[in-house]
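A short write-up of the structure that comes next.
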2 protein chains.
Amino acid sequence: MNEARTQPGHDLLIRKLECITDLSDEEKEVLRGLPLGVRSFGADQDIVREGDRPSTCTLVLSGFICRYKVVPDGKRQIMGFYLPGEIPDLQSLHLQVMDHSLGTLVPSTIALIPHDSVHAAARNYPGIAAALWRDTLIDAATFREWMIGLGRRSARGRIAHLLCELLVRFRALGLTSGETYELPITQAELGDALGLSTVHVNRVLQELRAENLIVLRGGVLSIPDWEALTEAGEFDPAYLHIKPERLP
Amino acid sequence: MNEARTQPGHDLLIRKLECITDLSDEEKEVLRGLPLGVRSFGADQDIVREGDRPSTCTLVLSGFICRYKVVPDGKRQIMGFYLPGEIPDLQSLHLQVMDHSLGTLVPSTIALIPHDSVHAAARNYPGIAAALWRDTLIDAATFREWMIGLGRRSARGRIAHLLCELLVRFRALGLTSGETYELPITQAELGDALGLSTVHVNRVLQELRAENLIVLRGGVLSIPDWEALTEAGEFDPAYLHIKPERLP
DNA sequence: CGAAGGCTTGATAGACCTCAAACACAGTGG
DNA sequence: CCACTGTGTTTGAGGTCTATCAAGCCTTCG
């Protein structure tokens with residue numbers, strides 16, 4: 001557990017929050033003071049489990065994290081993907097018991113931030129409280145958008161929409177430029193996020209490839225025709241509430 | 001626009017927040033000081049629209065409100081139902097532009113609360129800020145639960161789950177006791193919430209009726225066999241994060 | 001080189017959708 | 001008081017999107 005005063009994690013976190021809000025120098029300094037307890041995980045490991053009562057938040061440093069819940073018959077629903085700089089369990093600040101789990105999809109590193117110190121920062125710096133609250137609200141907006149996909153979009157639309165969302169988020173975070181990003185997840189995991197079977201995900205991906213809407217090989221995704229893919233997914237990034245200058 | 005200092009709306013709001021958190025007498029007094037601008041709406045009217053930049057929050061006083069979004073091909077996805085005492089657009093405190101709409105399903109009355117006064121209350125009373133934040137987080141948890149339904153549950157499971165959720169929420173709010181509540185919405189609206197066609201909603205409702213899991217007539221729903229319906233919907237109220245003493 | 005995991009393909013089945021029409025009921029107007 | 005209209009519910013008959021089952025293939029890695 002590394003607790004040096006300033007670490008790469010702080011910069012990731014600040015960069016993330018600056019995608020959605022403005023931070024004063026003082027607020028950034030406070031964020032840099034947050035203690036980070038770094039942990040490494042392999043692929044497909046749980047970080048927090050449904051029923052847990054965590055006393056820390058999870059800041060993603062590297063890798064690819066998801067929220068998920070397993071239903072009684074064994075099926076899994078993935079409810080969100082999280083990239084470096086994001087805090088998937090920020091809600092645990094005010095919801096004591098986890099109603100779902102958090103797990104890695106690939107080997108990942110995270111930093112644990114004690115609730116106490118986050119609460120203290122939020123109490124003393126309203127701008128930080130607002131930024132964090134806003135972040136959880138954007139999470140909620142993203143859930144709503146996924147609900148629309150699950151309820152009303154075709155498999156093709158859902159996949160296109162998700163691939164668009166991820167590019168926009170990767171770019172806003174400065175984790176990629178251009179039209180390409182690493183998508184290190186399996187088709188089964190895509191299916192679990194989109195409410196589809198692996199087989200069907202595979203078929204639709206092939207269709208999108210055949211139409212040259214995407215290029216996907218070896219865990220790297222490219223979107224050569226952004227126009228066409230956004231249209232296929234009816235994608236409008238408004239729900240991400242990213243500051244305009246951070247949008248492509 | 002009625003702005004008397006204390007109105008029924010204040011009690012509804014306090015009762016709602018007390019379902020999910022503890023409030024001090026002082027905090028309740030502050031909440032009672034919030035100005036409420038009462039408005040009446042007919043059925044199927046928009047209260048706030050996607051793209052709006054509201055300067056108030058909407059407190060439901062009576063009726064039945066929903067969040068929804070219409071997708072390009074005309075289909076509608078309802079993303080939540082809201083009962084008296086609830087504030088469906090609390091997120092507008094920190095997300096300036098609405099990414100979805102809010103509308104009535106039946107004739108309803110609401111109270112508009114200016115953002116300014118809510119921000120002031122939250123700034124000066126951390127307990128109020130925490131309660132409101134928590135409320136938005138429970139909203140998000142509910143979206144996640146609906147995602148599970150849309151992605152991984154059968155039509156039967158989805159319907160059963162929703163009917164269970166509504167009973168628990170009605171009871172927690174003190175709007176009903178026992179196993180019965182008013183469900184004044186059409187089967188088409190149920191379908192829009194559950195990602196199903198009207199026809200299919202109808203058939204599944206008949207099935208549930210035939211098995212005596214529900215009694216539904218004239219906009220009044222009864223759940224004679226709670227055990228069986230929760231099982232059919234795999235319903236576990238944990239995600240609602242209601243205080244234990246307010247659960248049935 | 002064998003095993004394991006992921007991807008791909010084919011065939012079949014089922015849950016749910018769409019279209020279409022009949023039915024029930026409440027409100028309206030003559 | 002009774003047609004008339006409109007909305008919501010119900011029923012029937014295909015049709016389709018997506019799931020399931022099963023197997024083969026490919027790549028990676030110990």
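In the text below, chain A, chain B and the rest are named by the order of the sequence lines, each starting its count at 1.
In terms of phosphate contacts, B/Arg153 brings no side-chain nitrogen or oxygen within less than 4.0 Å of OP1 or OP2 of C/dC16. Look at B/Gln206 and you won't find any side-chain N or O under 4.0 angstrom from OP1 or OP2 of D/dT9. Contact annotation: B/Gln187 side-chain N/O to D/dT10 OP1/OP2 distance is under 4.0 Å. Contact annotation: B/Asn202 does not reach the phosphate of D/dT9 (side-chain N/O to OP1 or OP2, under 4.0 Å). Of the side-chain N and O atoms in A/Arg209, none sit less than 4.0 angstrom from OP1 or OP2 of C/dC7.
When the P atom of C/dA26 is taken as reference, atom CZ of B/Arg217 falls 11 Å away, rounded to whole Å. As a whole-Å value, the separation of B/Ile185 CD1 from D/dT7 C1' is 16 Å. We find that CG of B/Leu205 is positioned 15 Å from P of D/dG8, with the value rounded to whole Å. Atom CG of B/Leu150 is separated from atom P of C/dC17 by 11 Å (rounded to the nearest Å). Spacing between atom CG of A/Leu196 and atom C1' of C/dT8 amounts to 17 Å, rounded to whole angstrom units. Distance, B/His200 NE2 to D/dC17 P: 17 Å, rounded to whole Å. One atom, CG of A/Asp44, and another, C1' of C/dG5, lie 11 Å apart when rounded to the nearest Å. Distance B/Leu221 CG to D/dT9 P: 13 Å, rounded to the nearest Å.
Comparing B/Lys75 and A/Ala188 along DNA chain C, the residue whose closest nucleotide (by nearest heavy atom) sits nearer the 5' end is A/Ala188. Mapping A/Val199 and A/Ser154 onto DNA chain D by nearest heavy atom places A/Ser154 at the nucleotide closer to the 5' end.
Between the side chains of B/Ser62 and B/Thr109, at least one donor N or O lies within less than 3.5 Å of an accepting N or O.
Residue contacts for A/Thr186: at a heavy-atom cut-off of 4.0 Å it reaches the sugar-phosphate backbone alone, with no base atom in range. Across all strands, B/Gly195 comes closer than 4.0 Å only to sugar-phosphate atoms, never to a base (heavy-atom distances). Heavy atoms of B/Gly219 sit nowhere under 4.0 angstrom from any nucleic acid atom.
Nearest nucleotide to the side chain of A/Arg158, out of D/dT18, C/dT9, C/dC17: D/dT18. Comparing C/dT18, D/dT18, D/dG12 against the side chain of B/Arg203 picks out D/dG12 as the nearest.
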Might you work through the ring-ring contact (aromatic ring centres under 6.0 Å, His included) test for A/Phe143 and B/Phe143, ending with a clear yes or no? CA-CA 6 Å; A/Phe143 299 147; B/Phe143 299 147; 7.4 Å; no
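Salt bridge annotation for B/Glu165-B/Arg169: present, with a cationic side-chain nitrogen under 4.0 angstrom from a carboxylate oxygen. Remark: B/Arg49 engages B/Asp46 in a salt bridge, criterion side-chain N to carboxylate O under 4.0 Å.
Counting non-hydrogen atoms of neighbouring residues, nucleotides and ligands closer than 6.0 angstrom, the CD atom of B/Glu182 reaches no more than 12 such neighbours.
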